[in-house]
Amino acid sequence: MIKFKFIDDLCNGLKAAFPNADSELSIVPERCPENMEGDLTINCFRFARNLKGAPDKVADAAAEILAKHPDIEKVEKVKAFVNITMTAVAAHRQTVGDISALLQAGVLEQGRQRILIEYSAPNTNKPQHLGHVRNNTLGMALAALLKRVGHEVIEINLVNDRGIHICKSMLGYQRFGNGVTPESSGIKGDHLVGDFYVKYSRALKDDIEALKKERPELAGKDDDELFLETELGRMTQKMLQDWEAGEPEVRALWQKMNNWVFAGFAETYRRMGINFAHTYLESQTYMLGKDLIADGLEKGVFQKRADGAIFIDLGKLGQKVVLRSDGTSVYITQDIGTTLKKYEDYRPESQIWVVGDEQILHFQMLFAILKKMGYTWADNLYHLSYGMVNLPTGKMKSREGKVVDADDLFAEMVDLAKVAAEERAGGEATSEELAARAEIIGMGALKFMLLKFNPKTTMMFDPQASVKFEGDTGPYVQYACARINSIERKAAERGLAVEAVNWELASAPEEKAVSLLLWQYPQVLQTAAEKKDCSLLVDYLLDVAKAFNRFYRECPVLNAEDDAVKQVRFALCLAVRTVLKDGLATLTIGVPEAM
RNA sequence: GCUUUGGUAGCUCAGUGGAUAGAGCAUCUCCCUCCUAAGGAGAGGGUCGUGGGUUCGAUUCCCGCCCAGAGCACCA
């Protein structure tokens, strides 16, 4: 991060004043509260004990040192806080004054890694919904953030393309499809398949209800228990067995329907801007892991139970079966194998999974097992768990059709952005331009909103509120950029170029506030990457946009009275835009030319 | 029952062992003869779930309790 000159001088001065001080002394200035006078504040409570001095005395000494510093205009001591007002030149010099260095400072000097990140992981029996969109957005933005600070990041997907639920949509198609295709119906492939999954589910529910009427003794049983009592259920199980046996007709249907779904997913991913380096298919990985169990059994990592099942004792986490008594594998067995496969394929230093928080225990167990199996890299596995998305009407429920479909949501956001953009453009833009703008604004608004929440919070998605583009939203940040673009265009028309910038002329509080916010950018990037939390960056970009809008209101750029002032302010605008664009790009959000 | 995450303004969410706890939305005022009003300025709105404890100082850390979500399969 960029360190202001006066900080070093302060550290040295304080060490001299407090002879018993620890050799380690780190002072990071904080933002001064609005109601206090000053640009930054030194909170002496934080490091007084490193100096072996009372906070109040330390603050006295700090105030005395800073008051004499050429970069400091004014010092005010309140309790153990030292509020400082910097000179304009000092505030701008290392921030907007050297914007490329500021951007570069976000990159880690050490500790860069090759990181594998897995996200999305959809099933091929239905289209993606809002929950997937949160997952996709968190995954792609985290990948971009990690890249931004210098890591090598490999994004991968693991598609769940086999299993009983896939057979359900296939059987639904066989029963009710009449040979319809995406081409013949004009329906996107994943939606078409999803429709048959829904039709199947309804038919199964009807069959179970009929069964319960016929045999009242079953009334207390739940639907899963009665699955195999229905003809439809038995056929579904038969289909899964046929699939596993490689029965050609079943395989052909499976392949055909999965291809429809993949084509649909490709469109969803394209619109979000996702590019996976590789997509693993569960149909090709589900048998992995089994052979590792025998090996682990020999080494004593696993134990065999009397009934033949193989398990592992994970202490506090409990016991976990890794091979059923019939010798077949379970979910975690596959994950053991797949994790090893991913490691062998890419040799990453760490792996990240973006998966919902209901699987926290699963991943704790997975990581613990891999460690016990002796893989040293298992210390660097990370489950980025995130909370579910609720609607004002309650939880999303696929079975009840209470879901917000991803493609519908994209269309709705972009349509609304388009209506607004058309109104504002007033015929000044072509329809292609408007469409491109609306795409960037609508998708940006959606991603920004999803990233604004801390990943682990169970968030509420209010469709009504989410389509607004005012307040703490992506478009608010994009709008600040659009305003700067507009200034840039007008500056070019008027022949204003930035030549010699005299930062001394940017001494208004609004101008310094912008610079001092931009100063924090490298640290924000690194902290967000360290915590794997993009919401920190989201909040920061909102702060910058707010500071810019205040500046924009108070300090005319092109209408300033003096040419030199115009240049300084114009330079400040360009620096703001550079950071906002860079930050939004790090969240995988674009910026339109105009709004 | 056990594990775990949360309970902060009417709503959705930030936040932190330190200065008078913040933002957006919603409500109410103002501001387009001025670089884009998807903007700015301001007002009202809080016993930070609750009862204890540690501390110079606790919304933040510890313990109990209440409420809510999630998990506790030879399902994925």
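Every chain is numbered from 1 and lettered A, B, ... according to where its sequence line falls, protein lines coming before strand lines. Since the model is a prediction, treat every value here as computed from it, not as a measurement.
Side-chain N/O atoms of A/Q128 and A/N136 include a donor and acceptor closer than 3.5 Å. Side-chain contact check for A/Y386 and A/T457: no donor-acceptor pair (N or O, by modelled atom type) lies under 3.5 Å. A donor and an acceptor atom, one from each side chain of A/Q359 and A/Y331, are located under 3.5 Å apart. Between the side chains of A/D39 and A/T85, no donor-acceptor pair is found at a separation under 3.5 Å. A donor-acceptor contact closer than 3.5 angstrom is absent between the side chains of A/D161 and A/T124.
For the ring-ring contact (aromatic ring centres under 6.0 Å, His included) criterion with A/W353, the lone passing option out of A/Y382, A/Y119, A/F367 is A/F367.
Counting non-hydrogen atoms under 4.0 angstrom, A/L361 reaches the backbone sugars and phosphates but no base. Within the 4.0 angstrom heavy-atom criterion, no nucleotide atom of any strand lies near A/N485. Among the atoms of the strands shown, base atoms are found under 4.0 Å from some heavy atom of A/I441.
Considering only the side chain of A/M595, B/A38 comes nearest among B/C74, B/G39, B/A38. Considering only the side chain of A/K546, B/G40 comes nearest among B/G39, B/A37, B/G40. Between B/A73, B/A38, B/A76, one nucleotide has an atom nearer to the side chain of A/N160 than all others, and that is B/A76. Nearest to the side-chain atoms of A/F469 among the listed nucleotides B/A38, B/A19, B/C74 stands B/A38.
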Give the intermediate values and the outcome of side-chain hydrogen bond (donor to acceptor under 3.5 Å, both in side chains) for residues A/T236 and A/Y200.
CA-CA 10 Å; A/T236 315; A/Y200 172 98; 2.7 Å; yes
Take A/E37 and A/K74 through the salt bridge (Lys or Arg N to Asp or Glu O under 4.0 Å) test and state the conclusion after the steps.
CA-CA 9 Å; A/E37 197 186 336; A/K74 195 177 168 203; 2.7 Å; yes
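Distance CG (A/L366) to C1' (B/G71): 16 Å, rounded to an integer number of Å. Across the protein-nucleic acid pair, A/E358 atom CD and B/U5 atom C1' stand 13 Å apart, rounded to whole Å. The nearest whole Å value for the distance from the CD atom in A/E282 to the C1' atom in B/A76 is 7 Å. Distance CD (A/Q359) to P (B/A76): 11 Å, rounded to an integer number of Å. Straight-line distance from the OH atom of A/Y476 to the P atom of B/A37: 13 Å, rounded to whole Å. In this entry the distance linking CG of A/N125 with P of B/A76 reads 15 Å, nearest Å. As a whole-Å value, the separation of A/M365 CE from B/C72 P is 9 Å. Between A/I360 atom CD1 and B/G69 atom P there is a gap of 16 Å when expressed in whole angstrom units.
Contacts with RNA chain B (heavy atom under 4.0 Å) in residues 548-561 of chain A: A/N549, A/R550, A/Y552, A/R553, A/C555, A/P556, A/V557, A/L558, A/N559, listed by number.
Heavy-atom distances to RNA chain B give each of A/N123 and A/K320 a nearest nucleotide, and the one nearer the 5′ end belongs to A/K320. Positionally, the nearest nucleotide of RNA chain B for A/F81 lies more toward the 5' end than for the other of A/F81 and A/P475.
Partner assigned to B/C2 is B/G71, using Watson-Crick or G-U wobble distances below 3.5 angstrom.
Phosphate contact (OP1/OP2 of B/U3, side-chain N/O of A/K316, threshold under 4.0 Å): absent. Within the 4.0 Å cut-off from OP1 or OP2 of B/U4, not a single side-chain nitrogen or oxygen of A/K456 is found.
Using atom C1' as the reference point in both B/G7 and B/G46, the two lie 14 Å apart (nearest Å).
Judged as a ring pair (Phe, Tyr, Trp, His ring centres under 6.0 Å), and not counting sequence neighbours, A/F461 has no contacts.
Using a 30° and 60° split on the angle between ring planes, A/F81 and A/F45 fall in the perpendicular class, above 60°.
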What are the atom names and distances for every N/O pair under 3.5 Å that joins the protein to nucleotides 9-15 of chain B?
unit_1	atom_1	unit_2	atom_2	d
B/C13	OP1	A/M460	N	2.5
B/A14	OP1	A/N454	N	3.2
B/A14	O2'	A/D539	OD2	3.3

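Across every non-hydrogen atom of A/V579 and A/L541, the tightest pair is O-CD2, 4.3 Å.
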